Amino acid sequence: ALGAQLEKLSDVVGEKSNSRVAVIYDWENGWAIKHFCGYNNINRKYFEECVKWYKPFWNKGISVDVISMEDDFSKYDLVIAPFLYMLKEGTIERIERYVKNGGNFVTTYLSGLVDENDLCYLGGFPANQLKDVFGVWCEETDSLPEGMKNAVSYNGKEYSVEHVCDIIHAKGSAVLGEYKKDFYAGMPAVTENKYGKGTAYYVAFRNDDDFAEDFCEGLVEKFNIDADTAISAEKGVIIRKRGDVIFLMNFSDDEKSISLDCEYTDILNSRTVNGEMKISPCSYIILK
């Protein structure tokens, strides 16, 4: 049955998504994070941090490429690099050039500390000219013990902070969010810096709830990053496009509604569909 379905999907062979957003997940950076000593030795969770920043776009039907720090940034409107602890040779210059030429770059706490040999950069963090790109310098990092939390105010809402807090100083950047507790209360926690034609953001803390989703929602609106299709669906339905082929996948245990923006061909069932559709639990529909 699967083979019969795949035969009907020949149009998707070789097709790619044209992503405007990329998230950096770098294997060597992950290894370096896993093995460094200091800060919080238990809850590093580099993979989970990257997924956290990927998920808001996934939920909105916006295609995201997963790239390494050595890939070309220039074809993306927005690049997000969570926990970019290690910077390989040329990465600093690549980030600087990307932002200066109009790109938008987001990084988070404990970024830009060591080179590809795991040797610390001298002169403070983030490394070298990245202090100018992001408009911040990091004085120190507070590692919160298990069960202890801080808080950050951002865009009229308060977010819980766990595990890691970079204590940063704004160096020409705009402060979008501030810490609420401890000796660094009132200090920057989220910054935005105009650099050349682009913008660089620094998120100095870790939040395991909904900050990334809310923050990315603002970026989507600010930079006019549209979903891959005009099809809308209830939460739980993921929409992905490859060429002219659209995959609708219901990852929930409930039947969901889908609103089509025009007439499509239901490839697997060889029929024409439009208007409202229902998609069964844990199932998929493929349209063209």
Side-chain angles (χ1 to χ4, degrees), residues 20-24 49 52-53 56-57 73-74 76-85 87 91-113 121 123-142 150-161 164-207 209-225:
R20 295 174 58 192
V21 181
V23 171
I24 293 178
E49 188 72 9
K52 184 198 307 177
W53 288 91
F57 301 99
F73 302 159
S74 63
Y76 303 105
D77 294 341
L78 175 65
V79 175
I80 301 177
F83 206 164
L84 201 62
Y85 168 75
L87 300 173
T91 301
I92 294 174
E93 293 75 17
R94 192 175 295 112
I95 294 172
E96 181 185 30
R97 183 167 57 250
Y98 169 72
V99 178
K100 183 179 285 186
N101 290 335
N104 305 289
F105 198 94
V106 180
T107 197
T108 69
Y109 57 88
L110 292 178
S111 289
L113 271 69
Y121 287 99
F125 311 119
N128 301 350
Q129 62 263 43
L130 291 184
K131 286 188 271 309
D132 296 324
V133 174
F134 291 98
V136 301
W137 69 275
C138 182
E139 179 181 346
E140 61 176 306
T141 300
D142 188 19
N150 203 313
V152 162
S153 60
Y154 169 78
N155 201 25
K157 185 176 177 180
E158 189 168 297
Y159 297 88
S160 173
V161 175
V164 180
C165 302
D166 274 355
I167 301 168
I168 61 174
H169 297 263
K171 186 183 175 185
S173 58
V175 177
L176 305 182
E178 296 180 340
Y179 289 110
K180 300 290 287 183
K181 300 177 182 179
D182 295 325
F183 64 93
Y184 44 97
M187 294 190 71
V190 186
T191 61
E192 175 188 65
N193 191 51
K194 301 295 183 182
Y195 187 81
K197 298 178 182 178
T199 309
Y201 296 88
Y202 195 95
V203 178
F205 63 96
R206 178 169 177 165
N207 168 267
D209 295 320
D210 52 358
F211 174 80
E213 184 171 356
D214 293 347
F215 188 76
C216 291
E217 179 78 29
L219 297 180
V220 166
E221 294 179 7
K222 181 169 185 175
F223 301 123
N224 298 313
I225 301 173

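In this chain, residues are counted from 1 in sequence order. Computed from a prediction, not measured in an experiment: that's the story for all the values here.
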Chemist: Which pair of non-hydrogen atoms, one from Asn224 and one from Arg20, has the smallest distance, and what is that distance?
Modeler: O-NH1, 2.8 Å
Chemist: Lys180 side chain to Val152 main-chain N or O, any donor-acceptor pair under 3.5 Å?
Modeler: no
Chemist: Within the distance-only criterion (no hydrogens, no angle test), does the side chain of Asp77 pair as donor or acceptor with the backbone N or O of Asn104 below 3.5 angstrom?
Modeler: no
Chemist: Side chains of Phe105 and Ile24: closer than 4.5 Å at any heavy-atom pair?
Modeler: yes
Chemist: Evaluate the ring planes of Phe211 and Tyr154, with Trp represented by its six-membered ring, and classify them as parallel (under 30°), tilted (30 to 60°) or perpendicular (over 60°).
Modeler: perpendicular
Chemist: Rounded to the nearest 0.5 Å, how far does CZ of Arg206 lie from CG of Leu110?
Modeler: 10.5 Å
Chemist: Does Asn193 offer a backbone N or O that forms a donor-acceptor pair with the side chain of Ser173 under 3.5 Å?
Modeler: no
Chemist: Evaluate the side-chain proximity of Tyr201 to Val190: yes if any heavy-atom separation is below 4.5 Å, no if none is.
Modeler: no
Chemist: Once you round to the nearest 0.5 Å, how far does CD of Glu96 lie from CG of Asn101?
Modeler: 10.0 Å
Chemist: Quick one: are Met187 and His169 in side-chain contact, heavy atoms under 4.5 Å?
Modeler: yes
Chemist: Could I get the full list of side chain to side chain contact (heavy atoms under 4.5 Å, CB included) partners for Ser160, not counting sequence neighbours?
Modeler: Lys149, Glu162, Asn207, Asp209
Chemist: How about Phe125 and Asp166: do any of their side-chain heavy atoms sit closer than 4.5 Å?
Modeler: no
Chemist: Could you walk me through whether Cys216 and Val21 satisfy the side chain to side chain contact (heavy atoms under 4.5 Å, CB included) test, starting with their C-alpha distance in whole Å, then the side-chain angles of each, then the deciding distance to 0.1 Å, before giving a yes or no?
Modeler: CA-CA 11 Å; Cys216 291; Val21 181; over 6 Å; no
Chemist: Consider side-chain contact (heavy atoms from CB on, under 4.5 Å). Of Val99, Ile95, Leu78, which one does Phe73 pass it with?
Modeler: Ile95
Chemist: Rounded to the nearest 0.5 Å, what's the gap from NZ on Lys222 to CD on Glu192? Could you check?
Modeler: 3.5 Å
Chemist: Do Asp214 and Asn155 have side-chain N/O donor and acceptor atoms under 3.5 Å apart?
Modeler: no
Chemist: Any side-chain to backbone donor/acceptor pair from Thr107 onto Ala81? Under 3.5 Å, distance only.
Modeler: yes
Chemist: Parallel, tilted or perpendicular: which one describes the rings of Trp53 and Phe215, with boundaries at 30° and 60°?
Modeler: perpendicular
Chemist: Hey, does the side chain of Lys131 reach the backbone of Gly124 with a donor-acceptor pair shorter than 3.5 angstrom?
Modeler: yes
Chemist: Can you confirm whether Asn150 sits close enough to Asp142 that some side-chain heavy atom of one is under 4.5 Å from a side-chain heavy atom of the other?
Modeler: no
Chemist: Donor-acceptor check, side chain of Tyr202 to backbone of Pro126, threshold 3.5 angstrom: yes or no?
Modeler: no
Chemist: Between Tyr98 (side chain only) and Tyr76 (backbone N and O only), is there a donor and an acceptor less than 3.5 Å apart?
Modeler: yes
Chemist: For Asp210 and Lys157, work out which heavy atoms get closest and say how close.
Modeler: OD2-NZ, 3.0 Å
Chemist: Taking Ser74's backbone N and O only, do any of them form a donor-acceptor pair with Arg97's side chain (distance below 3.5 Å, no angle check)?
Modeler: no
Chemist: For the ring pair Tyr159 and Phe205, is the centre-to-centre distance below 6.0 Å?
Modeler: no
Chemist: Any side-chain heavy atom of Val136 within less than 4.5 Å of one from Lys171?
Modeler: no
Chemist: How long is the straight-line distance from CD1 of Ile167 back to CD of Glu140, given to the nearest 0.5 Å?
Modeler: 4.0 Å
Chemist: Indicate, with yes or no, if the rings of Phe83 and Tyr109 have centres closer together than 6.0 Å.
Modeler: yes
Chemist: Is there a side-chain contact between Phe57 and Val220 (heavy atoms, below 4.5 Å)?
Modeler: yes
Chemist: Atom CG of Leu130 and atom CD of Glu93: how far apart are they, to the nearest 0.5 Å?
Modeler: 8.5 Å
Chemist: Looking at Leu87 and Thr91, what are the two nearest heavy atoms and their distance?
Modeler: CD2-CG2, 4.0 Å
Chemist: Which atoms form the tightest heavy-atom contact between Phe134 and Ala200, and what is the distance?
Modeler: CD2-CB, 3.5 Å
Chemist: Within a strict 4.5 Å, meaning less than it, do heavy atoms of the Pro56 and Leu219 side chains meet?
Modeler: no
